[in-house]
2 protein chains.
Amino acid sequence: MVELSRKQREMERRTQEILRVAKPILVREGFHALSMDRVAAAMEYAKGTIYNHFPHKEEIVLALAIESMALRRKLFHAAAALDAPNRVRLMAIGCACEFYTQHCSEDFAIEQWIRNVNVWDKSSAARQDLIRRCEGECVSIVSSVVHSGVASGELVLNQALTAEEFVFGFWAITFGSQILTASSPSLAAVGILDPRRAIRIHCCTLLNGYRWQPIMETDEYLTRVDELSTSIQSEFDRVRVEHYTA
Amino acid sequence: MVELSRKQREMERRTQEILRVAKPILVREGFHALSMDRVAAAMEYAKGTIYNHFPHKEEIVLALAIESMALRRKLFHAAAALDAPNRVRLMAIGCACEFYTQHCSEDFAIEQWIRNVNVWDKSSAARQDLIRRCEGECVSIVSSVVHSGVASGELVLNQALTAEEFVFGFWAITFGSQILTASSPSLAAVGILDPRRAIRIHCCTLLNGYRWQPIMETDEYLTRVDELSTSIQSEFDRVRVEHYTA
DNA sequence: TGAAAATTTTGACATCGCGTCAATAATTGA
DNA sequence: TCAATTATTGACGCGATGTCAAAATTTTCA
């Protein structure tokens, strides 16, 4: 029915509005500051109405995380779609990770909330499923590049690792370095001043260690990543803007 | 004065008792469940008395994290003290990380709380300093092994990376994989069934990529890490038990 | 159209946790 | 012994959560 559909659209529109109100509170003032009362006040609705959309604030957080992860997936997709050698496409996905952390820092911060047990356990199976699927798709995008590399003979994966386990290494080092950079109290004090550069070098060395062709020297790699990062920036920007305006 | 000192000792004893009560609540039921009222009730003191020891629960969490990180440092120290080639000592530190995550899982979980901005920002500069120092010491232990490797000629670090930046790569990949393993919803679904093994392989490849001598093949490395892990287990256990009984 | 039925919104309410602080209890010093 | 000092207590104000009966609004259908 048209009427029902209109109501559903209105409902959906307000759900989105709740998320728009909640996001800056969560990002700028933290989970604690995000209260149903406050969201309701900001929207000029009663608290009960907000509870009609989300059973608790954890569900709001997961809904926000789903949007954030969708943006990540789009960036990964754009990077993998590059018309370039497979190793370069993998580098481009690395650039996507860097772009996401730096220029979509709110989304990066929101994404981390899904790792909080309290948030995760309290939220609905439906949203948990969406998260799982999106994360799986991100891994798939990367592993498809790895599969291409194997298919084209640029990379030989002996029986020791599957493509997904190969990806896991880069996932871990990228994710780990970004979390540590964002949250480690002693990083600068200990002499790690440019963690991004360090990790780029490690990724290059790891790829060389697996003999992914063409082998690149550190300096060459750093230069190429810089160029790649610059050249792909506008495409990433386009994806981001489109994501936010949609 | 003896009297004053006795009082101080009693105060200190009770501070410890608070931590002993708080730890299982935090670990098993989460930050939210850890309330001052509950700690007070469990200890049969009034809430105000607990507030004489800690100004808020975040400070309790940081105090617990300091203990947990001290245990990590001891394990790192034990691993680095091994009478073995430098590359093997580095492997042993990797084993220490694995041991810590698996067999000191409560401490591993507590450690992560320091990365929560709300917890971190709320806590005292004194405890923040202790955390920073301990983390710095952990990095130092690892980088001293790297320095040994460089000094003995087993590893050539060109001007691209400092020893600390070198360490950062292994820190990131180890930390990242352990967080992902503990909290990533899609890991198993995506086909990463033995993340620890995958990361061991990645670390081996990375070390080989940097040509840290002696170069090891994957299979040889996996076997040696298994042996090493088994042989060093009892030492780690000793360190852990001593830490808990102290 | 209009009135009954269904749906949505509202905000008061019970409950719980935080952090404070004046009152109370315990300890110390002389 | 008693005044002074120090430590403990728990009631209190505040703010957040999640619920639910009452009120308001929308839909249905004669």
Side-chain angles (χ1 to χ4, degrees), chain A residues 1-18 21-22 24-26 28-63 113 116-124 127, chain B residues 1-18 21-22 25-26 28-64 113 116-124 127:
Chain A
M1 250 204 264
V2 172
E3 294 306 298
L4 255 183
S5 158
R6 183 177 62 77
K7 279 194 115 179
Q8 284 174 338
R9 276 203 313 277
E10 263 179 29
M11 199 73 175
E12 177 55 29
R13 206 189 49 71
R14 202 164 47 189
T15 297
Q16 287 304 316
E17 203 186 334
I18 291 173
V21 166
I25 300 178
L26 177 62
R28 288 208 267 275
E29 301 174 59
F31 185 74
H32 181 72
L34 176 63
S35 77
M36 294 306 227
D37 278 300
R38 195 164 158 194
V39 171
M43 292 183 60
E44 296 186 299
Y45 277 111
K47 185 166 41 167
T49 303
I50 311 299
Y51 275 96
N52 278 351
H53 292 261
F54 296 98
H56 34 66
K57 62 179 182 168
E58 285 80 2
E59 196 76 17
I60 296 183
V61 172
L62 225 69
W113 281 106
N116 182 300
V117 195
N118 301 304
V119 172
W120 181 259
D121 286 352
K122 218 173 171 185
S123 49
S124 67
R127 285 213 165 81
Chain B
M1 250 204 264
V2 173
E3 293 307 297
L4 256 182
S5 156
R6 182 178 62 78
K7 279 194 116 179
Q8 284 174 336
R9 276 203 313 277
E10 265 179 25
M11 199 73 175
E12 177 55 28
R13 205 190 48 72
R14 201 164 48 189
T15 297
Q16 288 303 317
E17 202 185 336
I18 291 173
V21 166
I25 299 178
L26 177 61
R28 288 207 268 274
E29 301 174 59
F31 185 73
H32 182 73
L34 177 63
S35 77
M36 293 305 227
D37 279 298
R38 194 166 158 192
V39 171
M43 292 182 62
E44 294 187 302
Y45 277 110
K47 186 167 39 168
T49 304
I50 311 299
Y51 275 96
N52 278 350
H53 293 260
F54 296 98
H56 34 66
K57 62 178 183 168
E58 284 81 1
E59 197 76 17
I60 296 182
V61 172
L62 226 69
L64 284 171
W113 281 106
N116 182 301
V117 194
N118 301 305
V119 172
W120 181 259
D121 286 351
K122 219 173 171 184
S123 50
S124 67
R127 286 213 165 81

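A note on names: the letters A, B, ... follow the listed sequences, proteins ahead of strands, and every chain is numbered from 1. Quantities reported herein were computed from a predicted structural model and do not represent experimental measurements.
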| field | Heavy-atom closest pair, residues A/Ser124 and A/Glu59 | value | OG-OE2, 2.6 Å
| Counting N and O atoms only, with roles assigned by atom type, does the side chain of A/Glu58 sit under 3.5 Å from a partner on the main chain of A/Asn118, one being a donor and the other an acceptor? | no
| remark: Taken to the nearest whole Å, CD/B/Glu59 to P/C/dG19 is 11 Å
| What is the distance from CE of B/Met43 to P of D/dT8, rounded to the nearest Å? | 10 Å
| request: Take atom CE of B/Met11 and atom C1' of D/dA7, then tell me their distance rounded to the nearest Å. | output: 8 Å
| field | A/Glu10 bridged to A/Arg14 by N-O distance under 4.0 Å | value | no
| said: Please confirm whether the shortest side-chain N or O distance from A/Arg14 to OP1 or OP2 of C/dT8 is below 4.0 Å. | reply: no
| remark: Expected string for nucleotides 10-17 of chain C under the B/S/- scheme (protein heavy atoms, under 4.0 Å, primed atoms plus P, OP1, OP2 as sugar-phosphate) is BB-----S
| Separation of D/dA16 C1' from A/Phe31 CZ (nearest whole Å) | 12 Å
| task | Please name the pair of heavy atoms, one in A/Trp113 and one in A/Leu26, separated by the smallest distance, quoted to 0.1 Å. | result | NE1-CD1, 3.8 Å
Can I get a per-line list of side-chain donor-acceptor pairs under 3.5 Å for residues 29-40 of chain B, giving both atom names and the distance, sequence neighbours left out?
residue: B/Glu29; atom: OE1; partner: B/Arg38; partner atom: NH1; Å: 2.9
residue: B/Glu29; atom: OE1; partner: B/Arg38; partner atom: NH2; Å: 3.4
residue: B/Glu29; atom: OE2; partner: B/Arg38; partner atom: NH2; Å: 2.7
residue: B/Ser35; atom: OG; partner: B/Arg38; partner atom: N; Å: 3.1

| said: Can you confirm whether the side chains of A/Gln8 and A/Glu12 place a donor and an acceptor under 3.5 Å from each other? | reply: no
| field | Rounded distance in Å - CD (A/Glu10) to C1' (D/dT26) | value | 11 Å
